[in-house]
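Below is one structure, written out as structure tokens, with a few remarks after it.
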Amino acid sequence: MSSITCKHLYKTFQQGDETITGLDDVSIRIDKGDFVCLSGPSGSGKTTLLNAMGGLDSPDSGQIFIGDIELNKLSKGQLADMRLAHIGFVFQSYNLIPVLSARENVEFIMQVSGMPEKERTERSYKILKEVGLQGMENRLPSQLSGGQQQRVAVARAIVSQPALILADEPTANLDSITSGQLMGLFVELNLRHNITFVIATHDVHVMKYAKRLVKMQDGRIISDETQLPIKTE
Amino acid sequence: MLTTLPFKIIFTLAWRNLWRNHRRTLIMLAAITVGVWAMIFMTALMRGMVDDMLDNGIRNLPGEVQINHPQYRDDPNINNSITMPDSQLRQALQNSNISAWTSRVRVPAVISSERDNRGVTLIGINPANEARIGFDPGSIIEGRFLGDANDNGLIIGAKMLERLETRLGKRVVIMSQDPDNNIAERGFRVIGIYKAKLASLEENTVYAGIETLQKLLKLDDKISQIAITGDNYRHIKSWYEPLRIAAGDNLQVLPWYETDTYLGSMLAMMDGFVLVWIIVIFLTLSFGLVNTLVMAVFERIREIGLMQALGMRPSMILYQILTESFLLLVIGLILGNALAVISIIPLQDGIDISSVAKGMEMMGTSSILYPALKLNDMLLASIIVIFLGLLTSILPAWHAASFDPVEALGKD
């Protein structure tokens with residue numbers, strides 16, 4: 001998987017009698033290894049664009065390509081397979097499966113994709129150690145703090161080394177220290193494994209880590225600038 | 001592309017989700033357990049009743065298969081007698097699935113005591129063979145059973161004794177016709193009084209030695225019928241057909257369900273009734289099952305959306321919900337079956353239903369009901385519960401599998 005290309009995306013939602021514009025002629029190309037922040041106020045279309053890129057939601061019109069694959073032409077099952085193989089998701093909160101332990105949550109994608117037990121166990125222990133959750137592998141999500149839960153979610157998103165990670169307000173429920181640690185981890189993964197990151201956020205601290213800052217308003221891209229990200233330890 | 005289903009994770013999720021709401025799962029399990037118990041327990045009682053009815057009925061015919069003169073059933077007169085089995089028929093009667101056979105003389109007659117007379121069915125029997133097929137020597141309540149085929153005594157029913165106002169040891173006169181239409185009569189001493197499960201039998205059937213009757217009726221070695229029985233009235237085909245062929249066209253060979261079509265229809269009706277009973281109970285259960293699954297699905301819409309977002313195919317979500325239902329059904333079935341076995345075992349010596357026995361007697365059943373727990377009925381109930389249970393679970397499972405991930409993730 002090399003790049004993401006969105007061409008003239010339109011998306012509207014019906015809320016009662018009112019029609020809300022989610023995406024309004026959005027076109028953007030994100031190259032492999034990019035670290036993009038989608039910013040803007042609530043309702044600006046960040047999450048809608050993120051969901052469309054991940055094949056979770058389909059636009060009313062327009063095309064989305066991941067590499068050469070046009071998402072609009074894939075069935076629900078094929079989209080699920082594509083997400084499983086190529087995309088890691090990090091959501092704002094409550095994004096762990098409550099009946100699975102931290103390790104099992106991390107192993108979820110690998111298990112669904114049929115990876116042998118030995119390999120996935122090794123990987124999950126290693127990644128949980130990397131995100132600072134060594135010794136908490138067998139805890140259920142309810143036994144972890146919000147920050148720890150978010151780190152498990154990140155571990156799950158990166159453990160199978162996807163080409164693309166889509167994160168929707170990943171630091172919304174985290175304190176500033178944990179938030180900084182998480183962003184540091186993202187940057188490290190971006191640099192070390194060339195994983196593409198697209199992060200929807202309205203947190204200015206998060207935006208500082210991005211190589212590219214895309215601002216949205218009323219479903220439109222109003223600016224798209226490259227920037228020099230802050231350095232992490 | 002994913003080619004095989006990750007059964008382990010589907011099973012793990014299904015099992016743990018099942019116990020997420022202990023109380024709801026336990027209530028549903030209790031409902032399935034009681035439902036399955038009711039299916040099997042009531043079926044065992046009904047089977048016991050019908051088995052008893054059929055056993056009594058077949059014993060009274062008697063035999064699971066009868067060989068008669070082709071006209072005997074329409075006109076049971078003495079001229080429609082048959083000869084004793086020839087060598088070919090005797091060979092067929094050696095079939096390992098045949099447990100016993102006997103020959104009988106059976107004619108209409110009149111019995112007279114000092115005070116009254118009545119029309120009866122007079123049956124000449126070979127006591128040793130008859131005891132294995134028809135008349136039960138244990139039913140003699142006073143006196144003795146016939147000693148041999150030449151015994152000159154007569155066995156009569158307790159009710160008949162009452163009607164004739166006679167008693168054990170007294171003489172009665174039997175009158176019938178010989179093949180030349182001449183009156184054949186002789187006196188018999190009442191040597192035994194029997195009590196039958198069916199009052200009608202007790203009131204109009206008397207037994208004498210077969211050779212004694214052959215002499216009285218000038219039948220030489222002719223008989224009215226041959227009665228044959230196997231190990232199980234449900235499985236007579238293996239020996240009935242060879243017997244029919246060996247008997248040839250000059251004899252009529254009839255299985256019990258054709259000899260007495262009422263009995264035959266009882267068996268088919270019972271099988272149908274069991275099926276309807278199981279389905280009716282299941283239908284009441286299915287509402288609870290569907291409700292449990294719908295609640296379980298609605299409680300975790302966001303989670304299902306998350307799993308879809310992470311790459312779980314809709315089909316896997318469907319299998320996960322169906323696995324949950326399957327596990328619930330299997331546990332309920334195991335408990336229900338176990339409960340049924342545990343509650344039926346202490347009743348193997350029979351349930352006294354004498355308080356309603358008068359009414360039951362009309363249907364041909366006795367006053368002690370023996371529940372008949374059959375593996376086939378347990379299997380039938382289990383298969384129906386699993387099959388229909390999964391069928392009714394498809395709706396909530398399909399609903400869960402067709403969630404839109406974005407909408408699902410947006411639910412609280």
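Dense packing is recorded around CG of B:N232, with more than 12 heavy atoms of other residues, nucleotides or ligands lying under 6.0 Å away. Around CD of A:Q14, the count of heavy atoms belonging to other residues, nucleotides or ligands within 6.0 Å exceeds 12. When the shell of 6.0 Å around NZ of A:K7 is examined, it contains 12 or fewer heavy atoms from other residues, nucleotides or ligands. For B:F326, the CZ atom counts as loosely surrounded, since its 6.0 Å shell holds 12 or fewer non-hydrogen atoms of other residues, nucleotides or ligands. Within a 6.0 Å sphere centred on CZ of A:F13, heavy atoms belonging to other residues, nucleotides or ligands number more than 12. For OH of A:Y125, the number of neighbouring non-hydrogen atoms (other residues, nucleotides, ligands) closer than 6.0 Å is greater than 12. The 12-atom threshold is exceeded at CG of A:D24, counting heavy atoms of other residues, nucleotides or ligands nearer than 6.0 Å.
For a residue to count as touching a neighbouring chain, one of its non-hydrogen atoms must lie under 4.5 Å from one of that chain's; by this rule A:E104 touches chain B with the side chain only. Proximity to chain B is limited to the side chain of A:N51, based on heavy atoms less than 4.5 angstrom apart.
Residue B:I9 holds its CD1 atom at 11.0 Å from CD1 of A:I109, rounded to the nearest 0.5 Å. In this structure, CG in A:N95 is found 9.0 Å from CG in B:L409, a value given to the nearest 0.5 Å. Here the CD-CG distance, from B:E407 to A:D57, works out to 8.5 Å after rounding to the nearest 0.5 Å. Remark: B:M312 CE to A:D81 CG distance equals 12.0 Å, nearest 0.5 Å.
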Candidate pair B:L310 and A:L84, rule side chain to side chain contact (heavy atoms under 4.5 Å, CB included), full reasoning: CA-CA 6 Å; B:L310 294 176; A:L84 189 69; over 6 Å; no
Criterion side chain to side chain contact (heavy atoms under 4.5 Å, CB included) on A:L100 and B:R16, from CA distance to verdict: CA-CA 8 Å; A:L100 299 182; B:R16 293 190 192 169; 3.8 Å; yes
Side chain to side chain contact (heavy atoms under 4.5 Å, CB included) between A:K76 and B:R313, intermediate numbers included: CA-CA 8 Å; A:K76 262 181 131 178; B:R313 277 178 158 246; over 6 Å; no
Side chain to side chain contact (heavy atoms under 4.5 Å, CB included) between A:F108 and B:L13, intermediate numbers included: CA-CA 10 Å; A:F108 180 79; B:L13 286 168; 3.9 Å; yes
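No donor-acceptor pair closer than 3.5 Å links the side chain of B:R300 to the backbone N or O of A:I97.
Sequence neighbours left out, the pairs with a member in residues 18-53 of chain B that pass ring pair (Phe, Tyr, Trp, His ring centres under 6.0 Å) are B:W15-B:W19, B:W37-B:F41.
The heavy-atom pair separating B:V406 from A:L56 by the smallest distance is CG2-O, 3.4 Å. When all heavy atoms of A:G77 and B:P314 are compared, the pair lying nearest together is CA-CD, 4.4 Å.
The residue among A:G54, A:A85, A:P98 with the most heavy atom pairs within less than 4.5 Å of chain B is A:P98.
By the ring pair (Phe, Tyr, Trp, His ring centres under 6.0 Å) test, A:F89 pairs with A:F91, sequence neighbours left out.
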